[in-house]
Number of protein chains: 2
Amino acid sequence: MQISSRFSVAVHVLSLLALQQEGDVLLTSERMAGSVNTNPVVIRRILGQLKKAGLVEVRPASGGTFLVRPPAAISLLDVYCAVEVVEEGQLFSIHDKPNPACPVGRNIQSALDATLQRAQTALEQVLAGATLQQVTTDIQLKAGFTG
Amino acid sequence: MQISSRFSVAVHVLSLLALQQEGDVLLTSERMAGSVNTNPVVIRRILGQLKKAGLVEVRPASGGTFLVRPPAAISLLDVYCAVEVVEEGQLFSIHDKPNPACPVGRNIQSALDATLQRAQTALEQVLAGATLQQVTTDIQLKAGFTG
DNA sequence: ACATGTGTAACCAATACGGTTACAATATGG
DNA sequence: CCATATTGTAACCGTATTGGTTACACATGT
């Protein structure tokens with residue numbers, strides 16, 4: 001069981017947008033799909049989510065997708081929430097309907113809940129502290145980008 | 001997408017074991033299933049994993065499952081690893097085979113990897129710091145246990 | 001009018017999960 | 001030895017999710 005690759009694809013797409021420069025060829029969902037190595041519809045779905053979350057704007061028909069915010073103002077947590085890979089506070093599934101006639105059954109959910117929430121929050125805080133800017137800077141370093 | 005309830009059921013089962021007292025009725029997988037409100041086979045599967053991980057010992061045939069370690073020496077991370085809800089370092093799925101002809105495609109995986117590992121580690125560290133003892137203490141408090 | 005790109009539904013196959021049934025293997029007590 | 005209770009495990013099933021595909025309506029710019 002894993003957090004869907006939708007999240008990493010979304011970061012990929014946002015990185016393409018962030019690294020796009022004036023004068024570059026128009027970045028269509030088709031082109032993005034080429035970089036990701038998937039079908040453009042997949043990209044469009046994700047872009048729909050990113051748009052709904054206010055991270056990108058998308059020009060209908062004539063094409064073109066743009067970041068609404070600078071890369072340094074987009075955290076990986078923003079992306080994670082935008083693509084809805086995990087429901088709020090629901091990373092861990094807790095068995096439901098344990099037997100209330102048993103004290104453990106009656107109390108296990110609440111006894112576990114705080115810890116599991118803390119674990120999820122810890123994960124999300126790392127994502128909150130990581131920006132798209134950092135990702136693209138890393139990509140540039142690795143790629144030997146000059147600008 | 002959620003981390004399987006197998007984990008929470010495992011904690012439930014371990015809590016039953018931890019709170020078991022001398023003279024209590026034998027705790028069979030059937031009884032545990034009653035508390036969890038599931039089928040005994042489900043419990044047995046999980047017990048198989050916990051046993052393989054060295055957290056419990058199980059008496060064949062005549063029945064009876066026992067903690068191998070004191071509850072304070074069993075972390076929730078131990079349980080999480082025992083029930084194999086998440087593969088090591090694999091909480092996040094990263095799309096594979098991005099296009100290496102594109103600098104973003106070529107580098108996105110490694111550019112993301114460290115951050116995602118850190119996020120997973122942060123979550124797991126919270127679990128490492130939480131013990132079965134804490135869970136059972138909480139259950140006892142909530143249940144108004146006197147023992 | 002036409003070409004191009006977006007948006008979305010529907011379909012499909014694969015996978016994981018949790019529940020169930022079936023039954024072999026094992027230990028214990030009578 | 002036998003009956004009983006319990007464990008261990010395979011197989012099956014239905015459900016949900018995912019990511020890819022196909023189809024096509026809609027929107028824009030030339």
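The sequence lines fix the lettering, A, B, ..., with proteins before strands; numbering per chain opens at 1.
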Looking at [X], does any N or O in its side chain come under 4.0 Å of the phosphate oxygens OP1/OP2 on [N]?
| X | N | value |
| --- | --- | --- |
| A/T28 | C/dT4 | no |
| A/T38 | D/dG20 | yes |
| B/S29 | D/dT7 | yes |

Select from A/S5 and A/V41 the residue whose nearest nucleotide in DNA chain D is closer to the 5' end of that strand.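 Result of the comparison: A/S5.
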Does B/K51 reach a base, just sugar-phosphate, or nothing at all? Heavy atoms under 4.0 Å.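 The answer is sugar-phosphate, as B/K51 gets under 4.0 Å only of primed atoms, P, OP1 or OP2.
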Base, sugar-phosphate, or nothing for B/R45, non-hydrogen atoms under 4.0 angstrom?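 Result for B/R45 = base.
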For atom [atom1] of [X] and atom [atom2] of [N], their distance in whole Å:
| X | N | atom1 | atom2 | result |
| --- | --- | --- | --- | --- |
| A/Q2 | C/dC17 | CD | P | 10 Å |
| A/M1 | C/dA16 | CE | P | 12 Å |
| B/L47 | D/dT6 | CG | C1' | 12 Å |
| A/D96 | C/dG18 | CG | P | 11 Å |
| B/I3 | C/dC17 | CD1 | P | 11 Å |
| A/N39 | C/dC11 | CG | P | 18 Å |
| A/M32 | C/dT6 | CE | P | 7 Å |
| A/Q90 | D/dA16 | CD | C1' | 16 Å |

I'd like to check [X] versus [Y] (side-chain heavy atoms, cut-off strictly below 4.5 Å). Are they in contact?
| X | Y | answer |
| --- | --- | --- |
| B/V85 | B/Y80 | yes |
| A/R106 | A/P98 | no |
| A/V56 | A/V58 | yes |
| B/R59 | B/L26 | yes |
| A/T65 | A/L50 | no |
| B/I94 | A/V9 | no |

Contact pattern, 5' to 3', of nucleotides 23-30 of chain C - B, S or - by protein heavy atom under 4.0 Å: ---BBS--
Does A/R31 make a side-chain donor-acceptor contact with the base of C/dT4, cut-off 3.5 Å?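 Looking at the base of C/dT4, it does not pair with any donor or acceptor on the side chain of A/R31 (distance under 3.5 Å).
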What's the closest nucleotide to the B/V58 side chain, out of C/dG19, D/dT6, D/dG8?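 Within the option list, the nearest is D/dG8.
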Quick check: does any side chain N or O of B/Q120 sit under 3.5 Å from a backbone N or O of B/L91, one acting as donor and the other as acceptor?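 Yes: the side chain of B/Q120 pairs with the backbone of B/L91.
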